[in-house]
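The structure appears right after this line, and notes come after that.
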Amino acid sequence: MNADVIVVGAGPTGLMLACELALAGVRTRVLERRTEPQRNSRALSLHPRSAELMDQRGLLDRFLPLGRTVPGWHFAGLPTQLDFSALDSRHGYTLFLAQARTEAILEERAHELGVEISRGCETLTVRQDADGVEMETRVPGGGTETVRGRYAVGCDGGRSVVRQAARIDFPGTDETLTGVLGDFAVVDPRPGALDAARARGVIVAPLEDGLTRFVYLDPERIRVPAREPVTLEEFRTSLTRITGSDCGIAEPRWLSRFGNATRLAASYRSGRVLLAGDAAHIHFPAAGQGLNTGLQDAVNLGWKLAAAVGGWAPPGLLDSYDGERRPVGRSMTENTEVQTLLAELTLVPQYQRPAAALRELLDQLLGMPQVNRRLADQVSALGTHYPPADPDADPLVGRRMPDVGLTAAGSEATRVYELLTRGRFILLGLAGDPALREAVDLGWGSRVTAVTVDKYDEHAALDGVTEVLVRPDGHVAWATRTTDADARAAERVHALTAWAGTPSSRS
Ligand SMILES: Cc1cc2nc3c(=O)[nH]c(=O)nc-3n(C[C@H](O)[C@H](O)[C@H](O)COP(=O)(O)OP(=O)(O)OC[C@H]3O[C@@H](n4cnc5c(N)ncnc54)[C@H](O)[C@@H]3O)c2cc1C
């Protein structure tokens, strides 16, 4: 075996997954067809749940100084913003940060954790047998290498070779509409010069390296296929048509056309082959959700795959990746379709008037806190909930664990997400049970950290909770409100066995 897990693709999803696997002690190799990191950035946003995930791994301090935070984000380009700052998170903001920077930080972290990243290596075929996967890979210099691992994960983007080799269907709809983006070193410098463009629905955003990004939908060019290259002349003509001026653009660094083909993999797993990120879902980049969803796929999958490699995964754990993340992918792709439709209707002459009225109505609704919250929960991914199989489970189960501050017996003040940085399960005894650690160390000490909590910040979701098991990805595996210590101990053993596997005598 070359590695336990072969990750195909060093985009944000593949790099995040590699970090998660390596953190859990899995020998991981990443194969990336590009010889150099990407310089151009499609994505520009990290949403609240992604910021929380970075916080849970102790990485957020590397991201924050490089970007800038804004308190919300848009939905369908409506004027009223989604208010992330009203959500229950320490990270109720969007971090405006170019994708290339996100990838650079994750690649640096992957190297620190000992991941082998092989650039210039393009996966050509993938086969699997009872013991592992084997792939034919083109290597620098022109030859091929056979790479073998126990599992393979396709993080190789929308045209995923891994998905095709595993014969996983990718149902959905073809592209019917395209938008255009351009990054320019020179734009009209006069104060307020670009406001007219913004007022006409063109996204104009400063990038960190002095470039300015423009993104637009030109009604006369939306049927041009994404594969057709964009020229500077086309860009100027479209901007002038939409805004009345070419905005002084010059020195383009990147021009690109992107479409609304929307597809979701029929399964995220076929035997020893799994999919994550754009390899599993593609859609129009509405409200900036693709990269974020890929990072969240990776953090859901990493510990489960590590459990399978480590031989301690309880039955069904690895399949729960598909069970939990595909519904998220489905609702995310659906919300991008809604947003795209809202934009497209305003461009079709016979719908322009009612479409404007519909957008006005939706914008008013977004002004209502409950409506705003409903959409903000989804786009921020803070509302992601993995419904438990047991209908009698505590309401906390499947939700994100709140990042409450706490003090453990004999320790300094900390908070839940700081406890998660090693990627282990955390068992929090909120009823001050002194024997908790001993009880856990007996069987699960190698994968679960037990903490008897002396004091913790008040939080409505934790009212009455006496013990909670937090998964390595920060979601709640089990919680109880019983005050009977014996009943709690029995529930605890059941929960630990169900999630962290049978107790091992080595622990
Ligand atoms: C205009 C635009 C704006 C966007 N804005 C946002 C945003 O603001 N926020 C957001 O969250 N998302 C945004 N997205 C979406 C985001 O860019 C993608 O969802 C994200 O890049 C997906 O990451 P990934 O790692 O899954 O796939 P990719 O980024 O596509 O990475 C796949 C990697 O696999 C490699 N690869 C492919 N095939 C092979 C092979 N056979 N062998 C080896 N390597 C291979 C590729 O070279 C690449 O490095 C935007 C997209 C577009 C088009």
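Atoms considered below: every heavy atom in the structure, side chains included; atoms not considered: hydrogens, waters and symmetry mates. Whatever order the structure lists them in is the order used to number ligands and atoms, beginning at 1. Everything numeric here is computed off the predicted structure, so don't read it as measured data.
For ligand 1, the polar-atom distance check against Glu103 finds no nitrogen or oxygen pair separated by under 3.5 Å. Every N/O-N/O distance between Gly14 and ligand 1 stays at or above 3.5 Å. Checked against a 3.5 angstrom limit, the closest N/O atoms of Asp278 and ligand 1 fall inside it. On a distance-only criterion, Phe258 and ligand 1 share no N/O pair closer than 3.5 Å. For Gly288, a nitrogen or oxygen atom sits less than 3.5 Å from a nitrogen or oxygen atom of ligand 1, counting backbone and side chain alike.
If you run side chain to side chain contact (heavy atoms under 4.5 Å, CB included) between Cys247 and each of Thr240, Val204, Thr212, Leu239, only Leu239 comes through. Under the side chain to side chain donor-acceptor pair (under 3.5 Å) test applied with Asn260, the options Thr340, Asp174, Thr336, Thr176 reduce to a single match, Thr176. Looking at Leu255, Val202, Thr243, Ile203 one by one, the single match for side chain to side chain contact (heavy atoms under 4.5 Å, CB included) with Phe214 turns out to be Val202. Checking each of Arg42, Arg39, Arg213, Arg253 against Asp183 for a salt bridge (Lys or Arg N to Asp or Glu O under 4.0 Å) leaves exactly one that passes, namely Arg213.
Contacts with ligand 1 closer than 4.0 Å are made by backbone heavy atoms (N, CA, C, O) of Cys121 only, the side chain lying farther away. Of the heavy atoms in Ser160, none comes closer than 4.0 Å to ligand 1.
Heavy atoms of Gly294 stay at 4.0 angstrom or farther from ligand 1. Not a single heavy atom of Ser41 sits closer than 4.0 Å to an atom of ligand 1.
Here the protein heavy atom with the shortest distance to atom 44 (N) of ligand 1 is Arg33 N, 3.1 Å. Annotation: atom 40 (C) of ligand 1 to nearest protein heavy atom, Thr123 N, 3.8 Å. Here the protein heavy atom with the shortest distance to atom 29 (O) of ligand 1 is Arg42 NH2, 3.0 Å. Here the heavy atom of the protein found nearest to atom 35 (C) of ligand 1 is Glu32 OE1, 3.2 Å.
Of the candidates Val180, Thr137, Asp156, Val379, the one placing a heavy atom closest to atom 39 (C) of ligand 1 is Asp156.
Using bins of under 30°, 30° to 60° and over 60° for the plane-to-plane angle, the ring pair Trp73/Phe96 lands in the tilted bin. Ring geometry, Tyr386 versus His475: the interplanar angle falls from 30° to 60°, so the pair is classed tilted. Ring-plane geometry between Phe258 and Phe284 is classed as tilted, the angle between the planes lying from 30 to 60 degrees on a 0 to 90 degree scale.
Between Tyr93 and Phe84, the gap from one ring centroid to the other reaches at least 6.0 Å.
Numbered from 1 in the order shown, with element, the atoms of ligand 1 that lie under 4.0 Å from a heavy atom of Leu181 read 1 (C).
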